[in-house]
Number of protein chains: 2
Amino acid sequence: MLAIGTLSRKTGTKVQTIRYYEQIGLMNEAGRTSGGQRRYYEKDLDRLAFIRHSRQLGFSLDSIRELLDLSDNPAQSCAEADSIARRQLRQVEQRIKRLQALKKELKRMVAECDGESVAECKVLEVLRDHSECLTNHDEIGA
Amino acid sequence: MLAIGTLSRKTGTKVQTIRYYEQIGLMNEAGRTSGGQRRYYEKDLDRLAFIRHSRQLGFSLDSIRELLDLSDNPAQSCAEADSIARRQLRQVEQRIKRLQALKKELKRMVAECDGESVAECKVLEVLRDHSECLTNHDEIGA
DNA sequence: CCTTTATCTAAAGTCACTGTAGCTTATCAA
DNA sequence: TTGATAAGCTACAGTGACTTTAGATAAAGG
Ligand SMILES: [Zn+2]
Ligand SMILES: [Zn+2]
Ligand SMILES: [Zn+2]
Ligand SMILES: [Zn+2]
């Protein structure tokens, strides 16, 4: 039986995060000692490792919930899991695209300013006026 | 004098977001009509446009606050503003790097699975075990 | 037995908004 | 002038994925 701190160390997850996963039903409710402390089996460790690795690959907790559900029924086809991964891939590609446009614009801003007064700062000038931009931006936070 | 909806339309900002910016002190408190509705000057419109454009370029509200403060004192050097922009550039480059590693890993996962049962799904296999990965991942959400 | 370390709960804070409920004000045509 | 409609108001809750804090209790080692 593993204490929560052991799971924490073995997976690089904060203790509070593990409790949070329990709270939202992503981890099963753990058994307790007579004193009320959580105790885990190896399979809980595996599940947590799955969750954390999926998070590192950028999957949302909702996607991870689906993937875990699928993983629990080994007989069925994996089409669903693959489509979740492909969706994730598309999202990552989208984000890269957007960030590359930002990078280009930021690079230009920084390069064009020669560090004179604020009144002539190219950086601030661009921020004041999008028509100075070469690319157009999509929605904020996309 | 402009109503809040006019600012909203002209800058593509939701009305609630404008009120939120006032609440956190990013926009000045607007004047009011006798009935209590907000009314704005052109300079408020300019400020909001600056904020939104900066957000589109990925700057945090804290950075934008600094940039606005600088912008209000045209005499001083723009070194500070330029350094904020360079910091932002570095952050964007970092995120691109991380996302490109994710993309590579996701692509491989998706490509290697031939869509048989969940038990043999390559996607799920990789998620279960990081040692199947070719790259290592930095912190979650970085 | 005592101290230190680990764990517990509950609640608030983070970022940058978005959404909702239930009102009140402004504007314009009839 | 009335009355419909659009636009605005406040206050608060919700989003995602946690992190932080405070204050209390449990476990483990010497
Ligand atoms: Zn400059
Ligand atoms: Zn622009
Ligand atoms: Zn598969
Ligand atoms: Zn991995």
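In what follows, every heavy atom counts, from backbone to side chain, and hydrogens, waters and symmetry copies are set aside. Convention: sequence-line order gives letters A, B, ...; per-chain numbering from 1.
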Send over the distance from [X] [atom1] to [N] [atom2], rounded to a whole Å.
{"X": "A:Tyr20", "N": "D:dG16", "atom1": "OH", "atom2": "P", "value": "8 Å"}
{"X": "B:Lys14", "N": "D:dT15", "atom1": "NZ", "atom2": "C1'", "value": "13 Å"}
{"X": "A:Arg19", "N": "D:dT21", "atom1": "CZ", "atom2": "C1'", "value": "12 Å"}

Does a side-chain N-to-carboxylate-O contact under 4.0 Å join [X] and [Y]?
{"X": "A:Arg47", "Y": "A:Asp72", "result": "yes"}
{"X": "B:Glu112", "Y": "B:Arg108", "result": "yes"}
{"X": "A:Lys122", "Y": "A:Glu125", "result": "yes"}

- Item | Of residues 21-34 of chain A, the positions that come close to DNA chain D - non-hydrogen atoms, cut-off under 4.0 Å |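 Output list: A:Tyr21, A:Thr33.
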- Item | side-chain contact (heavy atoms from CB on, under 4.5 Å) against B:Arg65, all qualifying residues, sequence neighbours excluded |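 B:Arg65 satisfies side-chain contact (heavy atoms from CB on, under 4.5 Å) with B:Ile24, B:Leu26, B:Asp62 once adjacent residues are dropped.
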- Query: What residue pairs, at least two apart or across chains, pass side-chain hydrogen bond (donor to acceptor under 3.5 Å, both in side chains) with a residue in residues 133-142 of chain B?
  - Reply: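 Found A:His53-B:His137, B:Glu105-B:Thr135, B:His130-B:His137.
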- Task: In sequence, state the C-alpha distance, the side-chain angles, and the governing distance for B:Leu7 and B:Thr13, and then conclude on side-chain contact (heavy atoms from CB on, under 4.5 Å).
- Result: CA-CA 8 Å; B:Leu7 256 74; B:Thr13 314; over 6 Å; no
Can you list, pair by pair, the side-chain donor-acceptor contacts under 3.5 Å of residues 33-42 of chain B, counting residues two or more places apart and other chains?
from, atom 1, to, atom 2, distance (Å)
B:Thr33, OG1, B:Gly35, N, 3.3
B:Thr33, OG1, B:Gly36, N, 3.3
B:Thr33, OG1, B:Gln37, N, 3.0
B:Arg38, NE, B:Glu22, OE1, 3.0

- Item | Partner of B:Ser63 under side chain to side chain donor-acceptor pair (under 3.5 Å), chosen from B:Arg87, B:Gln88, B:Arg55 |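 In the set B:Arg87, B:Gln88, B:Arg55, the residue that makes a side chain to side chain donor-acceptor pair (under 3.5 Å) with B:Ser63 is B:Arg87.
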- Message: Measuring only between side-chain heavy atoms, which start at C-beta, is A:Asn73 closer than 4.5 Å to B:Val118?
- Response: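 A:Asn73 vs B:Val118: side chains apart.
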- Do any of residues 35-67 of chain A sit with a heavy atom less than 4.0 Å from DNA chain C, and if so which?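 Result for residues 35-67 of chain A: A:Gly36, A:Gln37, A:Arg38, sorted by number.
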- Do the side-chain N and O atoms of B:Arg52 and B:Thr17 include a donor-acceptor pair separated by under 3.5 angstrom?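 Their side chains do not contain a donor-acceptor pair, so the 3.5 Å distance test is not met.
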- Query: Could you give the start and end, 5' to 3', of the contact zone on DNA chain C for chain B, using atoms under 4.0 Å from its heavy atoms?
  - Reply: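 Range of nucleotides within reach of chain B: C:dA16 to C:dA26.
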